[in-house]
Structure formats: C-alpha cells, structure tokens
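In each ligand, atom 1 is the first atom listed, and ligand 1 is the first ligand listed.
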Amino acid sequence: MIRVTIWNENFHERMAEFDEKFRPYQEKVLAVHPNGLHNTLADLVRELGDEVTIRTATLDMPDAGLPQEVLDDTDVLLWWGHMAHDQVPDEVVDRVQQAVLNGMGLIVLHSAHHSKVFKRLMGTTCDICWRDDTFERVFCVEPSHPIAQGLPRYFELDVEECYGERFDIPKPDDVVFMAWHDIGEVLRCGCTFTRGYGKIFYFQPGHETNRSYYNQNVRTIIKNAVKWAAPHCRRTVHGAPHIDVTLEELRLGKK
Ligand code: ZN
C-alpha cells in the first residue's frame with residue numbers, strides 16, 4: 001500500500017477571493033479542474049486502486065497542510081504550485097526536504113519547478129525559458145525506465161504551456177521524457193533525481209488551464225511515477241548512524 005499525499009497551493013481555484021479581477025481566470029481554471037487541481041490529480045492516482053491511499057493537502061490548511069504527522073504518514077508526495085511559492089513557510093520546506101532525504105518520494109509537477117521545495121532539493125535556480133501555450137510532442141527517451149512502462153515512442157498534447165531549455169537543474173539521474181514544442185523549443189520534461197534515500201520525478205505538462213492531466217499517457221506517467229517513487233527503505237535515525245563496534249575492532253578481537 002502506497003500512502004500518497006497530493007499538495008496543491010489551491011490559489012488559482014480561489015484567486016477571485018483576493019481580487020475580483022481574477023474571476024474570469026479562476027472560472028477558466030475551475031472549468032478544467034472543478035474540484036481543484038489536487039482533486040483532479042487525486043482522481044488520477046485513485047486509478048491505482050487498492051495499491052494506494054490518498055490524502056490531499058493545500059496551502060490554506062494549518063501548517064500549509066503538511067505538519068510532521070502528515071509527512072510521517074506519506075510515502076509519495078505530489079506537489080503542484082505556481083503563484084504562491086513564496087507563501088510556503090520555510091519550516092515546511094525544511095520538513096519536506098528532510099522527509100525526502102529520509103526516503104519519501106516526491107513528484108514535482110509543472111510550474112512547481114520554481115517551488116521552494118524543488119529548488120532546495122536541486123540547489124540550482126530551476127529557471128526555464130517560457131512561452132505561452134503551444135503544441136507539444138513528448139518523446140519517451142528511456143523506454144526501459146519504470147516510469148515509461150506502457151508509453152508509446154511519443155505522444156502529443158494539442159495545447160500545453162511551452163517550457164524550454166536551458167532548464168537550470170543539476171544533471172538528472174535519468175531523462176525519461178523530452179518535449180518538443182512547435183515553436184522550436186525543447187525541454188528535458190521528465191527527469192529523475194535521488195536525494196538521500198528519496199526519489200524525485202519532475203514532469204512538465206500540467207498547466208492549470210490545460211487538460212493534460214486528462215490525457216491517458218500523462219495519467220500513465222504520473223501513476224507509474226507514484227509506484228516508482230515509493231520508498232523501498234527509509235532512513236529512520238536522525239543524524240549519522242552510530243557505530244558501536246567497528247569492523248576493525250571486531251577483526252582484532254578487541255570487542
Ligand atoms: Zn503553467
């Protein structure tokens with residue numbers, strides 16, 4: 001059983017509460033994600049059936065929805081954010097980073113490339129070149145990777161926001177997917193990393209007004225990523241493990 005927590009800043013869904021001028025955009029987002037992006041993603045992950053338990057968490061909840069108890073009860077955390085990265089408290093970022101280092105899986109989606117959590121774990125700016133909606137072709141460039149199982153050589157998204165290179169990330173463990181946009185940009189759009197005991201997957205499609213999370217190939221990728229990122233072992237000791245008897249002492253018969 002994989003315990004999944006889906007975190008969403010939940011800002012686009014409520015932005016008219018902050019300024020009425022945002023109402024048309026909020027309605028556009030809610031037309032695609034009527035119950036919020038977190039619930040769109042929850043419905044997607046729920047297709048894994050008995051393999052998962054799912055909880056959603058949002059920035060407007062106490063502790064940004066991620067108190068230690070929630071992270072202790074999470075095997076894989078999905079993170080969607082865009083407008084409110086700065087409002088995520090640093091204590092929460094510390095906590096998520098530590099949870100990943102101890103083995104929790106992390107799936108970073110779309111504009112969360114600029115989240116504090118991802119930037120902290122990468123150690124780089126995570127900047128990209130940006131253009132508005134374009135046609136996108138996603139190539140599966142590492143077909144033997146677990147996240148690529150069941151995927152065709154490539155698939156297409158009629159409308160998705162264009163992110164282009166250079167994507168300022170450290171060298172990934174694997175580039176599983178590459179994107180080409182019809183305005184001539186390319187991106188390493190599906191990358192894996194390891195930090196401590198934790199596995200991380202970044203995936204670019206998923207702009208708030210687009211329907212990429214309803215695409216069957218995108219759904220397969222995210223479900224595969226949940227299974228891939230689930231920890232096989234976790235580090236439970238805080239700080240460096242203490243060695244009571246060294247191997248050398250044993251060899252010399254001193255202990
Ligand atoms: Zn976007």
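Aromatic rings of F139 and F177 (six-membered ring for Trp) have centroids beyond the 6.0 Å cut-off, not under it. Ring-centre distance between H113 and Y163: below the 6.0 Å cut-off. Between Y202 and F167, the gap from one ring centroid to the other is short of 6.0 Å.
Connectivity analysis of hydrophobic side chains (ILVMFWY, heavy atoms under 4.5 Å, direct or indirect) links M15 to F11, F18, F22, Y25, V29, M83.
Between the H85 side chain and the S111 main chain, a donor and an acceptor come within less than 3.5 Å of each other.
None of T56, D73, T74, D75 except one satisfies the side chain to side chain donor-acceptor pair (under 3.5 Å) rule with T5; the exception is T74.
Atoms of the protein (N, O or S only) found under 2.8 Å from the Zn ion (ligand 1) are H110 NE2, E161 OE1, H207 ND1.
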